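This one's a predicted model, so the numbers in the text were calculated from it and none came from an experiment. Heavy-atom basis, side chains included; hydrogens, waters and symmetry copies ignored.
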Amino acid sequence: MPSATPPLPRPTATDSASGTTARRTAVLAACADAALILVFAAIGRDAHQRGDIVIGVFSTAWPFLVGAALSWLALRIWRSPLALWPAGVGVWLGTVTIGMLLRAVTGQTVVLPFVIVALLSLGLLLLGYRLLAAGVRRLNTRRRGA
């Protein structure tokens, strides 16, 4: 007796390849976000000439790294990790907001000038590489079409 439900489509080689590419893009974007947050923390610590280079950078960065991770999960950034909106803006604002809240809860410094610097710096870093990636993709698309 035949089934009334249609069969599920079987993945093809191209589906598998595009899934692998999408997964790789998401992993690289998450690593880029984390690396840029660490760069932000390292530059800030260096500007204020604080000791404990490695441990100090991680102690400054961890609230922002947690904020970025929670933003990735809440907004499902892996679906389009290089999109400026909503991925880039969501990660940027989530990183700063959650990061500052965690800093406040754990007794770390949260003053208005630092919040402004974090907003501007992390905005430049987290949105900037996504803008560059969009430009590169646009250039590659034009070259293929020409």
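In this structure, Leu38 and Leu65 have side chains that are in contact, with non-hydrogen atoms separated by less than 4.5 Å. Looking at heavy atoms from C-beta onward, Val27 lies out of side-chain contact with Trp78 at the 4.5 angstrom threshold. Inter-residue side-chain proximity for Ile98 and Pro63 is flagged as unmet; no heavy-atom pair is nearer than 4.5 Å. Contact annotation: the side chain of Leu82 approaches that of Arg137 to within less than 4.5 Å [non-hydrogen atoms, C-beta and beyond]. Side-chain contact between Arg45 and Ser59: present, with at least one pair of heavy atoms (C-beta onward) separated by less than 4.5 Å. With a 4.5 Å cut-off on side-chain heavy atoms, Trp92 and Leu119 count as touching.
Residues Ala68 and Val91 come closest through the heavy atom pair CB-CG1, 4.5 Å. Shown here for Ala26 and Pro81, the closest heavy-atom pair between the two residues is CA-CG, 3.7 Å.
No more than 12 heavy atoms of other residues, nucleotides or ligands sit less than 6.0 Å from atom CD1 of Ile55. Surrounding CZ of Arg76 are at most 12 heavy atoms belonging to other residues, nucleotides or ligands under 6.0 Å away.
A salt bridge (Lys or Arg N to Asp or Glu O under 4.0 Å) check over residues 87-98, counting only residues at least two apart or in different chains, returns nothing. Every pair tested for salt bridge (Lys or Arg N to Asp or Glu O under 4.0 Å) that includes a residue from residues 57-73 fails, sequence neighbours excluded, so the list is empty. Applying the salt bridge (Lys or Arg N to Asp or Glu O under 4.0 Å) definition to pairs two or more places apart or across chains, those involving residues 119-133 are Asp33-Arg130.
Val96 and Val110 fall within the same hydrophobic cluster, defined by Ile, Leu, Val, Met, Phe, Trp and Tyr side-chain heavy atoms under 4.5 Å apart, directly or through other members. Taken together through direct or relayed side-chain contacts under 4.5 Å among Ile, Leu, Val, Met, Phe, Trp and Tyr, Leu131 and Leu120 form parts of separate hydrophobic clusters. Under the 4.5 Å side-chain heavy-atom criterion for ILVMFWY residues, no single connected hydrophobic cluster contains both Val115 and Val66. Taking hydrophobic clusters as Ile, Leu, Val, Met, Phe, Trp and Tyr residues chained together by side-chain heavy-atom distances below 4.5 Å, Leu70 does not share a cluster with Trp72. Ile116 and Leu125 sit in two unconnected hydrophobic clusters of ILVMFWY residues. Membership requires side-chain heavy atoms under 4.5 Å apart, directly or through other members.
For Trp62, there are no side-chain hydrogen bond (donor to acceptor under 3.5 Å, both in side chains) partners two or more places apart in sequence or in a different chain. In this structure Ala83 satisfies the side-chain contact (heavy atoms from CB on, under 4.5 Å) test together with Ser80, Ala87, sequence neighbours excluded. Under the rule for a side-chain contact (heavy atoms from CB on, under 4.5 Å), the partners of Phe114 that lie at least two apart in sequence or sit in another chain are Phe40, Phe64, Met100, Arg103, Val111.
In this structure, CG in Leu122 is found 6.0 Å from CD1 in Ile37, a value given to the nearest 0.5 Å. Taken to the nearest 0.5 Å, the OG1 atom of Thr60 stands 12.5 Å off from the CD1 atom of Ile43.
A donor-acceptor pair under 3.5 Å links the side-chain atoms of Tyr129 to the main chain of Ala29, judged by distance alone.
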